[in-house]
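Counting begins at 1 with the first residue of the sequence. Heavy-atom basis, side chains included; hydrogens, waters and symmetry copies ignored.
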Amino acid sequence: MENAFLPATVASPSSSSPHERAAEQGIKKPVVALAFASIGLVYMVMMVGVYLSNGPINDAGIACPEWPLCPNGLSGAPEDRYLIEYVHRVLAVIAAGAVYATAAAVMASSKGAGRGARIASLVAAGIVTVQIVLGYLTVVSSLNPVVVATHLSTGITLFAFGLLTFWWARVWKKQWWS
């Protein structure tokens, strides 16, 4: 009996030789590690963003009104008043890179990841692109509540698709449900 929650590509241990399973594991481990790192980074960006929305905001509405970087850019350390927002933006760049790298790794490992992982990783890559645009709009709109709420809900959706990618990259063994 098939489990509706498992990707169709989860094979039973006897469906391939031990050598084939070992080769598949070699492809899978980096993909799973990258998927896990990307969801961790997305979560960190979300937590810093939540702090920002309730924390260091100046009278104009946003501590760092320039985008993508604060006034010092990459040339020097950010001023203290920009530090949290600067950290949020740098973490967002790293997280976006991890999400894109996860999608590329999942697509490249046709044997190591199932169809669900490929779809979820591509959706996550698309969502992170939308999230970058929403981050820009959040800054230039001086924290318009509708834009901020959309940015947060899109971040939650990105996190969910990151989790699905991690799940469907077959980190969980079929025998755990048996």
Side-chain angles (χ1 to χ4, degrees), residues 1-53 68 84 86-138 147-178:
M1 180 174 183
E2 284 190 36
N3 187 332
F5 296 104
L6 289 176
T9 58
V10 174
S12 66
S14 62
S15 66
S16 61
S17 72
H19 179 70
E20 289 171 340
R21 286 193 307 272
E24 188 174 326
Q25 290 290 331
I27 293 171
K28 182 175 62 171
K29 286 181 183 180
V31 173
V32 170
L34 191 54
F36 185 75
S38 70
I39 59 175
L41 286 164
V42 167
Y43 186 76
M44 287 173 32
V45 171
M46 288 171 55
M47 292 301 100
V48 174
V50 166
Y51 174 75
L52 273 175
S53 67
I84 302 298
Y86 186 83
V87 167
H88 176 69
R89 293 178 188 185
V90 169
L91 276 174
V93 167
I94 295 168
V99 170
Y100 290 135
T102 299
V106 167
M107 295 308 290
S109 67
S110 60
K111 291 181 183 176
R115 181 174 178 254
R118 287 193 294 274
I119 292 170
S121 68
L122 288 176
V123 170
I127 292 171
V128 83
T129 303
V130 170
Q131 193 66 333
I132 291 167
V133 173
L134 288 170
Y136 167 75
L137 293 174
T138 299
V147 177
V148 172
T150 305
H151 189 49
L152 175 60
S153 61
T154 304
I156 293 167
T157 305
L158 172 61
F159 183 77
F161 275 93
L163 281 174
L164 287 173
T165 301
F166 178 67
W167 178 274
W168 285 331
R170 297 194 304 164
V171 93
W172 312 109
K173 303 293 184 197
K174 184 176 181 179
Q175 58 265 25
W176 289 5
W177 288 289
S178 300

Atom pair CZ (Phe161) and CH2 (Trp168), whose distance is rounded to the nearest 0.5 Å: 7.5 Å
From Leu122 CG over to Thr165 OG1, what is the distance, rounded to the nearest 0.5 angstrom? 8.5 Å
More than 12 foreign heavy atoms under 6.0 Å from OH of Tyr43: is that the case here? no
Could you tell me the separation between the CD1 atom of Ile39 and the CG atom of Leu164, rounded to the nearest 0.5 Å? 10.0 Å
Any side-chain heavy atom of Val99 within less than 4.5 Å of one from Leu158? yes
Are there over 12 heavy-atom neighbours, none belonging to Tyr86, within less than 6.0 Å of that residue's OH? yes
Could you report the tightest heavy-atom contact between Val147 and Leu134, atom names first, then the distance? CG1-O, 4.0 Å
Going from CD1 on Ile119 to CZ on Arg115, what distance comes out if it is rounded to the nearest 0.5 angstrom? 4.0 Å
So, Ser38 and Tyr100: side-chain donor and acceptor under 3.5 Å apart, yes or no? no
Taking the side chain as C-beta and beyond, is there a heavy-atom pair between Thr102 and Val106 under 4.5 Å? yes
Do you know the tightest heavy-atom contact between Ser153 and Thr150? OG-O, 3.1 Å
Run the side chain to side chain contact (heavy atoms under 4.5 Å, CB included) test on Leu41 and Val45 for me, step by step, so that the C-alpha distance in whole Å, both residues' side-chain angles and the decisive distance to 0.1 Å come before the verdict. CA-CA 6 Å; Leu41 286 164; Val45 171; 5.5 Å; no
Determine yes or no for a side-chain-to-main-chain donor-acceptor pair under 3.5 angstrom, with His88 supplying the side chain and Leu52 the backbone. no
Does a side-chain heavy-atom distance below 4.5 Å link Leu152 with Ile156? yes
Hey, what do you get for CD1 (Ile132) to NE2 (His151), rounding to the nearest 0.5 Å? 10.0 Å
Taking every heavy atom of Gly155 against every heavy atom of Val42, the minimum-distance pair comes out as O-CG1, 4.3 Å
Between Gln131 (side chain only) and Thr154 (backbone N and O only), is there a donor and an acceptor less than 3.5 Å apart? no
How close do Ser121 and Ala103 get, counting heavy atoms only, and between which atoms? O-CB, 3.5 Å
